[in-house]
Amino acid sequence: MNTQKALEIAREIYSKYGVDVDAAIKSVAETPVSIHCWQGDDVSGFENPGGDLTGGIQSTGNYPGKARTIDELRADFDFASKLIPGKKKLSLHAVYLDAAGKKVERNEIAPEHFASWVQWAKEKGLGLDFNPTFFSHPLSSDGFTLSHDDPAIRNFWIEHGKQSRRISEYFGRELGQVSCNNLWVPDGFKDIPVNRARKRQQLAEAYAEIFSFETDDNCNLDALESKVFGIGAESCTIGSHEFYMGCAMKHGKLLTLDTGHFHPTEVVSDKISGALTYLDAVMLHVSRPVRWDSDHVVIFDDELKTIASEIKRGGYEKRVHIGLDFFDGSINRIACWAIGSRNMQKALLWAALEPIEMLQKFEAEGDFTSRLAYLEEIKTLPFGLVWNAYCDMQNVPCGDSWISQVKKYESDVLFNR
């Protein structure tokens, strides 16, 4: 069916529920989604190619065609971005620096080591986000960084955190859109500790030092990410949710809510409004946990739709910074980018097409029967027609037509690496 003809049908149906389809499409197209670079090379980076991935992080699989250089990673992302509608940013980890083959220690990284990324982003019309890399390094080998007992090691990582803020601010200033600098450390104990308080106090003091100078909020926003446990840190994670909630409030920072970093029965969709009652903004890291923080490719499931709906229902579009965080090396990595990113866009469109005013009116009136009845009825509205029209408007493939393009790129490019 012609997408414009289909859109006319969808407009008529959704209008019965008070939904403006065109306004919904426009709002989604203007919502930036930060896509993570590390899906393209299994979190390898370019600091130490071929080095071990540590810090409780694993990328499983050995599918052919992994990006090995900056040029290959950029080319792969550029191809993937042509399959994904909407406004996009690219999220970089510190180990993706461009140091022209020179060894640069992490406490010495600077904006100059990411200048080529900024130039590339300008050419592609992308924003950039940043992440200091507190893992996969000799000084993180015992499982501690910012909470380390050795002051010299702790100060090394503090300086890395400071430099990350300067780099993120540089991104925002050069690209004209704010960069989120997301700080996550793997620090924790494999077995039961007897002095959690000391480690958390050291971590708190480290962050106070990292945040000891101001950056321009129009260019850089710092975010703090918790985790319930990690491989090798099963018994105690120093940077727990409670720790970071307090730290974010104390320093006026964003709280990062990662969908895989909580207990299996917890859902991030329920945390958004709770956190934003007290915080100015939050950062999302959207992945798909399968029994633990396994970072599977995001699918169009109920939790993803509910996350997007909570953002829309609460009017939080300007207060929630959406980022993706999954990495799968067992299937085509470009397909992972496309599937996960398209599904995030689908969820945002799903939420934008929800008859929120009608549903909230039922709830305010205590008419919970109508609320439930209509929540179920809208599940069979012609969402797919609007999605295809949105993709067509964004000049990206509709339906499954993108898959053949990925397969051709795989045959022509990836299998020849």
Side-chain angles (χ1 to χ4, degrees), residues 54-58 131-135 140-149 153-154 157-158 160-161 164 180-211 221-295 303 307 320-321 323 325:
T54 67
I57 298 172
Q58 286 188 351
N131 305 260
T133 308
F134 290 98
F135 53 84
S140 66
S141 61
D142 62 359
F144 295 95
T145 59
L146 290 179
S147 68
H148 206 286
D149 290 337
I153 294 177
R154 193 163 64 248
W157 291 113
I158 287 171
H160 179 59
S164 75
C180 291
N181 176 49
N182 185 66
L183 297 103
W184 171 81
V185 299
D187 299 34
F189 289 96
K190 180 178 178 63
D191 216 333
I192 303 167
V194 294
N195 197 346
R196 302 167 194 255
R198 177 174 57 85
K199 284 290 189 183
R200 285 182 171 141
Q201 183 59 38
Q202 287 173 175
L203 184 58
E205 292 169 358
Y207 278 118
E209 180 60 29
I210 289 172
F211 300 139
L221 292 174
D222 299 304
L224 297 162
E225 180 178 359
S226 68
K227 192 170 186 178
V228 67
F229 83 97
I231 297 174
E234 292 87 354
S235 296
C236 173
T237 298
I238 308 306
S240 65
H241 174 66
E242 294 77 11
F243 176 91
Y244 279 124
M245 186 75 174
C247 191
M249 293 177 70
K250 178 179 176 63
H251 295 288
K253 304 302 180 184
L254 276 63
L255 179 69
T256 298
L257 300 171
D258 186 300
T259 56
H261 284 194
F262 297 92
H263 291 286
T265 55
E266 291 183 281
V267 288
V268 163
S269 57
D270 186 49
K271 298 180 183 296
I272 295 171
S273 61
L276 289 176
T277 301
Y278 295 99
L279 298 173
D280 291 336
V282 298
M283 177 84 187
L284 291 183
H285 269 194
V286 185
S287 66
R288 177 167 54 104
V290 177
R291 297 186 174 84
W292 72 292
D293 183 33
S294 52
D295 292 301
E303 172 60 0
I307 286 171
V320 176
H321 300 263
D325 184 10

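Closest of all the heavy-atom pairs between C236 and P193 is CB-CG, 3.7 Å. Contact detail for R196 and S235: the closest heavy-atom pair is NH1-O, 3.9 Å. For the residue pair S226 and F262, the shortest heavy atom distance occurs at OG-CZ, 4.1 Å. Of all heavy-atom pairs between S294 and V290, the closest is OG-N, 2.8 Å. S140 and T145 get closest at one heavy-atom pair: CB-CG2, 3.7 Å. Heavy atoms only, all atoms of each residue included: D325 and H285 are closest at OD2-ND1, 3.4 Å.
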query: How far apart are the C-alpha atoms of V268 and L284, what are their side-chain angles, what is the distance that settles it, and do they pass the side chain to side chain contact (heavy atoms under 4.5 Å, CB included) test?
result: CA-CA 9 Å; V268 163; L284 291 183; 3.9 Å; yes
- prompt: Would H261 and V228 count as a side chain to side chain contact (heavy atoms under 4.5 Å, CB included) if you check the C-alpha gap in whole Å, the side-chain angles of each, and the deciding distance to 0.1 Å?
  reply: CA-CA 5 Å; H261 284 194; V228 67; 5.7 Å; no
query: When you look at T256 and H321, which way does the side chain to side chain contact (heavy atoms under 4.5 Å, CB included) test go after all the steps?
result: CA-CA 9 Å; T256 298; H321 300 263; over 6 Å; no
- prompt: Can you list the steps and then say if Q201 with R198 is a side chain to side chain contact (heavy atoms under 4.5 Å, CB included)?
  reply: CA-CA 5 Å; Q201 183 59 38; R198 177 174 57 85; 5.8 Å; no
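With hydrogens and angles ignored, the 3.5 Å screen pairs a side-chain donor or acceptor of E234 with a backbone N or O of G232. Looking only at distances, no side-chain donor or acceptor of K253 sits under 3.5 Å from a matching main-chain atom of D222.
Under the 4.5 Å side-chain criterion, counting only non-hydrogen atoms from C-beta, V286 is not in contact with D258. Looking at M245 and S240, their side chains never come closer than 4.5 Å, going by heavy atoms from C-beta outward. Looking at R154 and Q202, their side chains come closer than 4.5 Å, going by heavy atoms from C-beta outward. Using a 4.5 Å heavy-atom cutoff, the side chains of V282 and K271 are not in contact. Residues W292 and P264 form no side-chain contact, since every pair of their non-hydrogen atoms from C-beta on lies 4.5 Å or further apart. Between F189 and N195, the closest side-chain pair of non-hydrogen atoms is not below 4.5 Å. Taking 4.5 Å as the limit, some side-chain heavy atom of I307 sits within range of a side-chain heavy atom of I272. Between I238 and F144 there is a side-chain heavy-atom pair separated by less than 4.5 Å.
No donor-acceptor contact under 3.5 angstrom links the side chains of D187 and H148, judged on distance only. Side-chain contact, E303 with T259: no donor N or O sits under 3.5 Å from an acceptor N or O.
Ring-plane geometry between F134 and H160 is classed as perpendicular, the angle between the planes exceeding 60 degrees on a 0 to 90 degree scale with a lower cut at 30. By the 30° and 60° cut-offs, the orientation of the rings of Y207 relative to Y244 is perpendicular.
Rounded to the nearest 0.5 angstrom, R288 CZ and D295 CG are separated by 10.5 Å. To the nearest 0.5 Å, atoms CD1 (I210) and NE2 (H251) are separated by 9.5 Å. Rounding to the nearest 0.5 Å places CD1 of I153 at 12.0 Å from CG of L146. Atoms SG and CG, from C180 and L254 in turn, are 6.0 Å apart once rounded to the nearest 0.5 Å. In this structure, the separation between CG on L203 and CH2 on W157 is 13.5 Å, given to the nearest 0.5 Å.
Enclosure of atom CG in D280 is not indicated, since only 12 or fewer non-hydrogen atoms of other residues, nucleotides or ligands lie within 6.0 angstrom. The number of heavy atoms from other shown groups lying within 6.0 Å of CG (D149) is above 12.
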